[in-house]
Protein chains: 2
Amino acid sequence: MSSQPSGVESKKEYHHGDLRRQLLEAVRELIEENGPEGFSVAQACRRAGVSTAAPYKHFKDRHEIMRGVLLLAMERMRQVMQDAADAWPAGDPSRIVALGQAYVDFARNEPGMFQMMFGHSGRHDQSPELEAAGERTGAVVKIVVAEHFNRPVDDPVVQLRAYAAWSFVHGHSFLCLDNKIPFEMPAETEHALLVLVGKAILPDPSAHAGQDHGGG
Amino acid sequence: MSSQPSGVESKKEYHHGDLRRQLLEAVRELIEENGPEGFSVAQACRRAGVSTAAPYKHFKDRHEIMRGVLLLAMERMRQVMQDAADAWPAGDPSRIVALGQAYVDFARNEPGMFQMMFGHSGRHDQSPELEAAGERTGAVVKIVVAEHFNRPVDDPVVQLRAYAAWSFVHGHSFLCLDNKIPFEMPAETEHALLVLVGKAILPDPSAHAGQDHGGG
DNA sequence: TCGTAAAGTTAGCATTGCTAACATATGTTT
DNA sequence: AAACATATGTTAGCAATGCTAACTTTACGA
């Protein structure tokens with residue numbers, strides 16, 4: 001067993017032992033502190049206590065670092081959404097609202113991450129792994145919507161309605177972070193908004209059974 | 001009249017004559033070509049044919065350049081939305097769909113600008129003028145929604161519903177640019193989506209007169 | 001035990017944002 | 001018209017950054 005320090009930095013050794021993970025964490029912190037633009041590899045190095053050349057033993061370039069950071073963030077997002085869904089029984093309309101709330105909450109709790117994940121269309125910060133992680137997150141939404149409509153996940157109705165709901169919470173999240181909401185919105189109003197739009201886009205299928213939920 | 005060149009670059013004179021505008025245009029081009037991250041003041045200088053120090057006679061720093069670029073972009077956005085609204089008579093439900101389509105189309109036509117305007121929450125790239133321009137754009141939406149519901153623009157119902165609709169097209173625009181749509185979406189499907197969500201969030205007030213459109 | 005590879009280091013390059021000091025054109029005042 | 005003030009260019013140079021090259025130290029397996 002090597003004497004690799006875990007968690008906090010211990011006595012200075014030549015080999016850091018946990019650099020990769022600490023770099024990812026340092027970058028995450030910097031982005032949350034200074035915004036998506038406000039970070040540099042050099043800053044992260046200082047924070048991790050290594051030279052500015054050290055990261056390139058672990059990552060090809062700064063974009064690969066970003067990909068690592070984003071992958072972890074996407075996994076956190078999937079987790080909080082899964083937890084929100086699990087807090088309600090399948091089929092309960094509150095489940096969808098909770099899911100949307102979890103999405104918005106993640107954006108508010110990790111605004112830097114959220115903006116890096118979705119706001120840049122960063123060509124360089126893309127990867128198959130990240131894409132797969134994104135699809136796992138999207139799957140959470142689709143499954144809940146499918147259960148809501150009691151249809152298979154690949155049903156066109158489910159696809160379209162799930163996407164419409166996602167678009168809404170996605171846009172709302174961005175507008176929140178940008179302080180673009182043109183009126184007061186306390187938590188209750190936001191909840192009401194989610195309920196309102198949830199009902200509108202994902203109407204209870206048992207209520208008006210004959211209705212066409214597909215649209216076009 | 002001085003011999004200042006207009007439009008294309010003419011014979012090289014010591015004084016450029018149109019640098020401020022050409023820099024803004026060069027930056028806009030670079031962002032559309034290389035993405036929101038992929039531009040530098042130096043590149044814009046090369047494109048405008050001046051030294052890298054020249055911009056600082058016109059702008060305080062790179063953020064002031066960005067603010068200028070974003071201000072012009074926001075004005076273009078307001079214009080295309082106003083035009084879309086003007087293409088339909090007041091009260092026509094198609095007007096709202098056209099407005100949403102114009103929003104999404106702007107994002108697709110100027111993806112770099114759209115992402116710079118909304119995707120960064122750029123602390124440094126903010127200004128009172130830009131904020132005012134943003135509110136003018138938002139006003140177009142609010143007015144159309146107010147006419148739709150036949151209520152004053154500051155009516156809470158109008159505020160909330162207009163915001164909900166904006167959130168949706170905003171999110172959809174981002175997801176489009178990020179290639180995050182999990183299924184095929186030709187233009188007709190997108191139109192159908194806009195109609196579907198438009199009806200859901202902004203139901204025709206004449207149809208179900210007694211309905212509560214506020215959602216409290 | 002020893003050699004190899006992993007994972008650090010320092011030195012250095014090109015690019016960038018920005019400033020300082022200088023140069024040139026513009027145009028107003030007499 | 002001459003002279004000056006101002007606007008708007010220039011070159012030179014600084015510090016920070018991303019990244020590479022060459023070297024050094026440590027860990028681990030044959």
Side-chain angles (χ1 to χ4, degrees), chain A residues 1-6 9-27 30-31 33-69 116 120 122-125, chain B residues 1-6 9-27 30-31 33-69 116 120 122-125:
Chain A
M1 204 46 105
S2 65
S3 62
Q4 78 181 34
S6 66
E9 54 183 323
S10 61
K11 56 200 168 199
K12 267 215 167 175
E13 296 166 359
Y14 192 93
H15 281 81
H16 187 289
D18 195 28
L19 184 54
R20 190 192 148 90
R21 200 157 51 95
Q22 280 201 29
L23 275 177
L24 293 177
E25 173 60 12
V27 168
L30 285 167
I31 289 175
E33 289 168 19
N34 310 329
E37 315 277 296
F39 97 97
S40 66
V41 178
Q43 267 180 305
C45 288
R46 266 172 249 134
R47 197 162 282 207
V50 295
S51 72
T52 62
Y56 302 97
K57 299 292 175 178
H58 298 266
F59 303 94
K60 184 189 148 217
D61 56 17
R62 82 173 257 144
H63 299 298
E64 192 164 306
I65 301 178
M66 272 315 307
R67 272 175 250 144
V69 172
M116 285 303 273
H120 280 225
R123 279 188 270 273
H124 304 291
D125 303 340
Chain B
M1 249 331 165
S2 64
S3 63
Q4 80 181 35
S6 67
E9 53 184 324
S10 61
K11 57 200 167 197
K12 268 215 167 175
E13 295 167 358
Y14 192 92
H15 282 81
H16 186 290
D18 195 28
L19 183 55
R20 190 191 149 90
R21 200 157 51 96
Q22 280 200 28
L23 275 177
L24 294 176
E25 174 59 13
V27 168
L30 285 167
I31 290 175
E33 289 168 19
N34 310 330
E37 314 278 294
F39 97 98
S40 66
V41 178
Q43 267 179 305
C45 288
R46 266 171 249 135
R47 196 163 282 206
V50 295
S51 73
T52 62
Y56 301 97
K57 299 293 174 177
H58 297 266
F59 303 94
K60 182 190 149 216
D61 56 17
R62 83 173 253 142
H63 299 296
E64 192 164 306
I65 301 179
M66 272 315 307
R67 272 175 250 142
V69 171
M116 286 302 277
H120 280 222
R123 281 189 269 274
H124 304 290
D125 303 339

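Here is how names work: the chains are called A, B, and so on, in the same order as the sequence lines, proteins then strands, and each is numbered from 1. None of these values were measured; they are calculated from a predicted model.
- Separating the CG atom of A:Leu23 from the C1' atom of D:dG18 is a distance of 14 Å, rounded to the nearest angstrom.
- Atom CG of A:Leu19 is separated from atom P of C:dT9 by 8 Å (rounded to the nearest Å).
- Taking atom CZ of residue A:Arg47 and atom C1' of nucleotide D:dT17, one finds them 17 Å apart after rounding to whole Å.
- Summarising the geometry, the separation between CG on B:Asp125 and P on C:dG17 is reported as 13 Å, rounded to the nearest angstrom.
- Not one side-chain nitrogen or oxygen of B:Arg46 sits closer than 4.0 Å to the OP1 or OP2 atom of C:dT15.
- Between A:Ala48 and A:Leu19, the shortest heavy-atom contact is CB-CD1, 4.0 Å.
- Between the P atom of D:dT26 and the CG atom of A:Asp18 lies a distance of 19 Å, rounded to the nearest Å.
- Atoms CD (A:Gln43) and C1' (D:dA16) sit 10 Å apart, rounded to a whole Å.
- Counting any heavy atom pair closer than 4.0 Å across all strands shown, B:Ala53 reaches a base atom.
- Where B:Asp61 and B:Lys57 meet DNA chain C, the nucleotide closest to each residue was compared, and B:Asp61 sits on the side nearer the 5' end.
- Look at B:Ser51 and you won't find any side-chain N or O under 4.0 angstrom from OP1 or OP2 of D:dG9.
- Side-chain proximity of A:Val50 to the nucleotides C:dT16, D:dG9, C:dT9 is greatest for C:dT9.
- If you run side-chain contact (heavy atoms from CB on, under 4.5 Å) between B:Pro55 and each of B:Asp61, B:Val41, B:Val27, only B:Val41 comes through.
- Put simply, CE on A:Met66 is 15 Å from C1' on D:dG18, counting in whole angstrom units.
- Between B:His58 and the phosphate of D:dG9, there is a side-chain N or O to OP1/OP2 separation shorter than 4.0 Å.
- Inter-residue side-chain proximity for B:His58 and B:Glu64 is flagged as unmet; no heavy-atom pair is nearer than 4.5 Å.
- Electrostatic pairing of A:Glu25 and A:Arg20 does not count as a salt bridge here, judged by no charged N lying under 4.0 Å from a carboxylate O.
- Between the side chain of B:Arg67 and the backbone N or O of B:His124, at least one donor-acceptor pair lies under 3.5 Å.
- The distance from atom OH of B:Tyr56 to atom P of C:dT19 is 8 Å, rounded to the nearest whole Å.
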